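Bear in mind the structure is a predicted one, so any value in this text is a computation, not a measurement.
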Amino acid sequence: MLKKGSKLHSILTGTCPRCQEESMYIDKNPYHLSRLYAMHENCSHCKLKYKIEPSFFYGAMYVSYGLTVLIGIIIFLIANLFINLNANKALLLICIGIGILIPITARLARNIYINMFVAFDKDWKTLH
């Protein structure tokens, strides 16, 4: 499931969606906020251009919105069903949880978005 060649591997590790040989990001730590979106221009292995077109990753904002809503729903369900918090405390917990996870959500959204357009190619070496 998480082995090389799967979309899930590329999404969770932030590796090139075509060859999955290297990280797309200059700094692998999403909590280095000044470099959160700093990406290599191309993959050094398969030469895939990450920014497929100008403003390509603007579409990832919609993915990020969906992820954030999903996280909010999960936190609410946990807070309400398992911890038995009232609505105000659950809302506070949701805000804190989403705030802490913003860098991870932002990176995951970019990873998911580029993987929607680029597929793994085990024969990428023959492309160049």
Decide whether [X] and [Y] are clustered together by the hydrophobic rule: side chain heavy atoms of Ile, Leu, Val, Met, Phe, Trp, Tyr closer than 4.5 Å, transitively.
| X | Y | answer |
| --- | --- | --- |
| Met39 | Tyr31 | yes |
| Leu70 | Leu81 | yes |
| Leu91 | Ile74 | no |
| Ile112 | Ile104 | yes |
| Ile100 | Ile83 | yes |

May I ask you to decide if [Y]'s main-chain N or O and [X]'s side chain share a donor-acceptor pair within less than 3.5 Å?
| X | Y | value |
| --- | --- | --- |
| Ser6 | His9 | yes |
| Lys7 | Asn115 | yes |
| Arg18 | Cys46 | yes |
| Ser64 | Ala60 | no |

What closest approach, in Å, do [X] and [Y] show between heavy atoms, and which atom pair accounts for it?
| X | Y | value |
| --- | --- | --- |
| Ala106 | Leu36 | CB-CD2, 4.2 Å |
| Lys89 | Asn86 | N-OD1, 2.8 Å |
| Gly72 | Ile98 | CA-CD1, 4.1 Å |
| Pro103 | Leu33 | CG-CD2, 3.6 Å |
| Cys16 | Cys19 | SG-N, 3.6 Å |
| Gly14 | Asn111 | CA-ND2, 3.5 Å |

With rounding to the nearest 0.5 angstrom, report the [atom1] to [atom2] distance, [X] to [Y].
| X | Y | atom1 | atom2 | answer |
| --- | --- | --- | --- | --- |
| Gln20 | Thr13 | CD | OG1 | 6.5 Å |
| Phe57 | Lys51 | CZ | NZ | 7.5 Å |
| Met24 | Leu48 | CE | CG | 9.0 Å |
| Leu108 | Ile11 | CG | CD1 | 8.0 Å |
| Leu93 | Ile78 | CG | CD1 | 8.5 Å |
| Ile75 | Ile96 | CD1 | CD1 | 9.5 Å |

Lys4, NZ atom: more than 12 neighbouring heavy atoms under 6.0 Å: yes
Which pairs, with at least one residue in residues 60-105 and sequence neighbours excluded, count as a ring-ring contact (aromatic ring centres under 6.0 Å, His included)? none
Apply side-chain hydrogen bond (donor to acceptor under 3.5 Å, both in side chains) to Glu22 and Ser44, showing your working. CA-CA 8 Å; Glu22 77 170 5; Ser44 65; 2.7 Å; yes
Would His40 and Ile26 count as a side chain to side chain contact (heavy atoms under 4.5 Å, CB included) if you check the C-alpha gap in whole Å, the side-chain angles of each, and the deciding distance to 0.1 Å? CA-CA 6 Å; His40 299 285; Ile26 293 171; 3.9 Å; yes
Find out whether Leu85 and Leu92 are in side-chain contact, i.e. whether some heavy atom of one side chain is under 4.5 Å from a heavy atom of the other. no
Is there a side-chain contact between Tyr50 and Ile114 in this structure, where contact means two heavy atoms from C-beta onward sitting under 4.5 Å apart? yes
Whether Arg35 engages the ring of Tyr25 as a cation-pi pair (distance to the six-membered ring centre under 6.0 angstrom, angle to the ring normal within 45°) should be assessed. no
Residues in ring pair (Phe, Tyr, Trp, His ring centres under 6.0 Å) contact with Phe56, at least two apart in sequence or another chain: Tyr113, Phe117
